[in-house]
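Order of the sequence lines sets the chain letters (A, B, ...), proteins ahead of strands, with each chain counted from 1. Just so it is clear, the model here is predicted, and its values are computed rather than measured. Side chains included, hydrogens not; waters and symmetry mates left out as well; all remaining heavy atoms used.
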Amino acid sequence: MPELPEVETVVRDLRPMLCGQRIDRIQTGRARLRRPWQKRWEKLLVGRRFNAVRRRGKWIILDLDESGHILVHLGMTGQLTIASARSPRLNHTHVLMTLEGGDAQLRYRDVRRFGSVEFWPISQAIDDLLAEKLGPEPWELPSDWHQAISKSARCLKAILLDQRVVAGVGNIYADESLFEAGLSPEQLGVHTRPADAARLREAIICVLERAIAARGATIRDYVGGSGLQGGYQNEFQVYGRTGQPCPRCTRPIESLRLAGRSTHYCPACQPVRVRASGRK
DNA sequence: CCGACGTCCTGCTAGC
DNA sequence: TGCTAGCAGGACGTCG
């Protein structure tokens with residue numbers, strides 16, 4: 001559920017609170033995260049300082065002084081927050097790092113445990129690792145982005161969910177972007193016209209920027225780095241609006257299952273458009 | 001090589 | 001009113 005706008009909000013919230021801070025103590029729960037926390041990491045991390053907080057796709061990178069990083073993925077229900085050490089520890093809190101002075105803690109909470117917190121000791125390697133599994137950020141999509149789409153036999157919905165094609169888009173923003181572009185989620189990549197691909201690229205950027213401005217969307221669990229909920233769920237055009245009127249044409253929003261995910265769209269505003277050279 | 005699909009996990013809710 | 005089946009989905013492994 002946390003996608004690029006939510007992760008970006010967490011990063012922006014944490015950056016001023018975390019940079020320069022030292023890790024004084026680490027406590028962990030027993031529950032196993034997607035990538036299990038290693039006990040031996042703790043003595044390597046205590047005493048280190050945070051140098052920078054950044055994002056790549058849906059991944060949060062906490063750069064440490066000297067070398068190494070803490071890599072965080074929020075999965076579906078992950079929360080990475082700075083909280084007072086005196087505030088109650090909520091259930092499903094798996095990692096707590098007490099910061100210099102003992103007043104504040106960096107906390108990782110994750111009900112469904114689809115996410116992870118891991119230590120990556122070698123500098124630089126983290127960027128190579130992420131470059132291996134992630135495509136460009138939406139703003140860096142290449143001018144030949146139509147090439148990437150048109151060589152795929154998959155539908156646009158599945159293509160947008162593929163992190164190697166574009167990093168950071170998930171189920172919500174895939175649906176919202178396709179609506180913004182007026183393209184059917186069922187449209188096959190191979191049939192997509194260059195002009196439609198270009199419009200989709202603009203739509204993704206536009207939707208993500210609006211969502212970041214609203215501090216992301218809170219469906220259930222998502223909160224920013226200071227514990228605040230997002231506001232973009234109030235601006236959804238199609239996601240989760242099955243049966244409700246399309247904001248553009250008032251016809252009911254429909255839903256179906258694509259690429260194993262619930263997909264929301266307006267059949268009238270998002271027709272399948274086929275390239276002139278080939279018939280449906 | 002590519003794409004489809006199953007798996008992990010818990011909490012909420014629709015339906016009986 | 002109480003129970004349970006089904007659903008939510010990001011990343012990754014497996015299979016055809």
Legend entry - Any donor-acceptor N/O pair under 3.5 Å between B:dA4 base and A:R154 side chain: no
Legend entry - Rounded distance in Å - CG (A:D110) to C1' (B:dT10): 10 Å
Legend entry - A:R248 to A:F179 six-membered ring, cation-pi geometry met (6.0 Å, 45°): yes
Legend entry - NZ/NE/NH1/NH2 to OD/OE distance under 4.0 Å, A:R215 and A:D13: yes
Inset, instruction - Fill in the dot-bracket string of DNA chain C, one character per base: . for unpaired, | for a pair to another strand, ( ) or [ ] for pairs within the strand, taking Watson-Crick or G-U pairs under 3.5 Å. - result: .|||||||||||||||
Legend entry - Short side-chain N/O contact to C:dA11 OP1/OP2 from A:H73, under 4.0 Å: yes
Legend entry - Nearest-nucleotide pick for A:R113, side chain only, options being C:dG10, B:dC9, C:dA8: B:dC9
Inset, instruction - May I ask you to say what A:S152 touches in the nucleic acid, namely base, sugar-phosphate or nothing, with a heavy-atom cut-off under 4.0 Å? - result: sugar-phosphate
Inset, instruction - Please tell me which of the listed nucleotides, C:dA11, C:dA8, C:dG10, lies nearest to the side chain of A:L161? - result: C:dG10
Legend entry - Atom pair distance, as rounded to whole Å: CG in A:L4 and C1' in C:dG10: 14 Å
Inset, instruction - Hey, which sits more toward the 5' end of DNA chain B by its nearest nucleotide, A:R220 or A:K151? - result: A:K151
Inset, instruction - Check every strand shown and say whether A:Y239 touches a base, only sugar-phosphate, or nothing at a heavy-atom separation below 4.0 Å. - result: sugar-phosphate
Inset, instruction - Establish whether A:L74 and A:I219 are linked, either directly or via other cluster members, by ILVMFWY side-chain heavy-atom contacts under 4.5 Å. - result: no
Legend entry - Side-chain N or O of A:H92 closer than 4.0 Å to phosphate OP1/OP2 of B:dC9: no
Legend entry - d(CZ, A:R32; C1', B:dT10) in whole Å: 17 Å
Inset, instruction - Please answer whether the main-chain N or O of A:V11 pairs with a side-chain N or O of A:R54 as donor and acceptor at a distance below 3.5 Å. - result: no
Inset, instruction - Quickly work out the A:R261 CZ to C:dA11 C1' distance and round it to whole Å. - result: 9 Å
Inset, instruction - Consider the side chain of A:K58, meaning its heavy atoms from C-beta on, and name the nucleotide among B:dT10, C:dA8, C:dA11 that approaches it most closely. - result: C:dA11
Inset, instruction - Give a yes/no answer on whether the side chain of A:K133 brings an N or O atom under 4.0 Å of OP1 or OP2 in C:dC12. - result: yes
Inset, instruction - For A:R164, answer base if it contacts any base atom (sugar-phosphate contacts may also be present), sugar-phosphate if it contacts only those atoms, and nothing otherwise; contact means non-hydrogen atoms under 4.0 Å. - result: nothing
Legend entry - A:R154 backbone acceptor or donor facing A:S152 side chain under 3.5 Å: yes
Inset, instruction - Would you indicate what A:R35 reaches in the nucleic acid, counting non-hydrogen atoms under 4.0 angstrom: base, sugar-phosphate, or nothing? - result: sugar-phosphate
Legend entry - Phosphate-side-chain proximity, A:Q163 and C:dG10, N/O vs OP1/OP2 below 4.0 Å: no
Inset, instruction - Give one of base, sugar-phosphate or nothing for A:A153, where a contact means two heavy atoms less than 4.0 Å apart. - result: sugar-phosphate
Inset, instruction - Look at the side chain of A:R34 against the base of C:dA11 and say whether a donor-acceptor pair falls under 3.5 Å; ignore hydrogens and angles. - result: yes
Inset, instruction - Would you kindly check whether a donor in the side chain of A:R112 faces an acceptor in the base of C:dG10, or vice versa, at under 3.5 angstrom? - result: no
Legend entry - Length of the line joining A:M1:CE and B:dC8:P, which is rounded to integer Å: 20 Å
Legend entry - Nucleotide nearest A:M76 (side chain, heavy atoms from C-beta), chosen from B:dT10, C:dC12, C:dA8: C:dA8
Legend entry - For atom NE2 of A:H94 and atom P of B:dC9, their distance in whole Å: 11 Å
Legend entry - Flag if over 12 foreign heavy atoms under 6.0 Å of CZ, A:R164: no
Inset, instruction - Any pair with a residue in residues 5-38 of chain A that passes ring-ring contact (aromatic ring centres under 6.0 Å, His included), sequence neighbours left out, goes on the list, sorted by first then second residue, please. - result: A:W37-A:W41
Legend entry - Result of checking A:E180, A:E235, A:E176 against A:R210 for salt bridge (Lys or Arg N to Asp or Glu O under 4.0 Å): A:E180
Legend entry - Rounded distance in Å - CG (A:L90) to P (B:dT10): 17 Å
Inset, instruction - May I have the distance from A:L74 (atom CG) to C:dA8 (atom P), rounded to whole angstrom? - result: 21 Å
Legend entry - Polar side-chain atom of A:E100 near backbone of A:D24 as donor-acceptor pair, under 3.5 Å: no
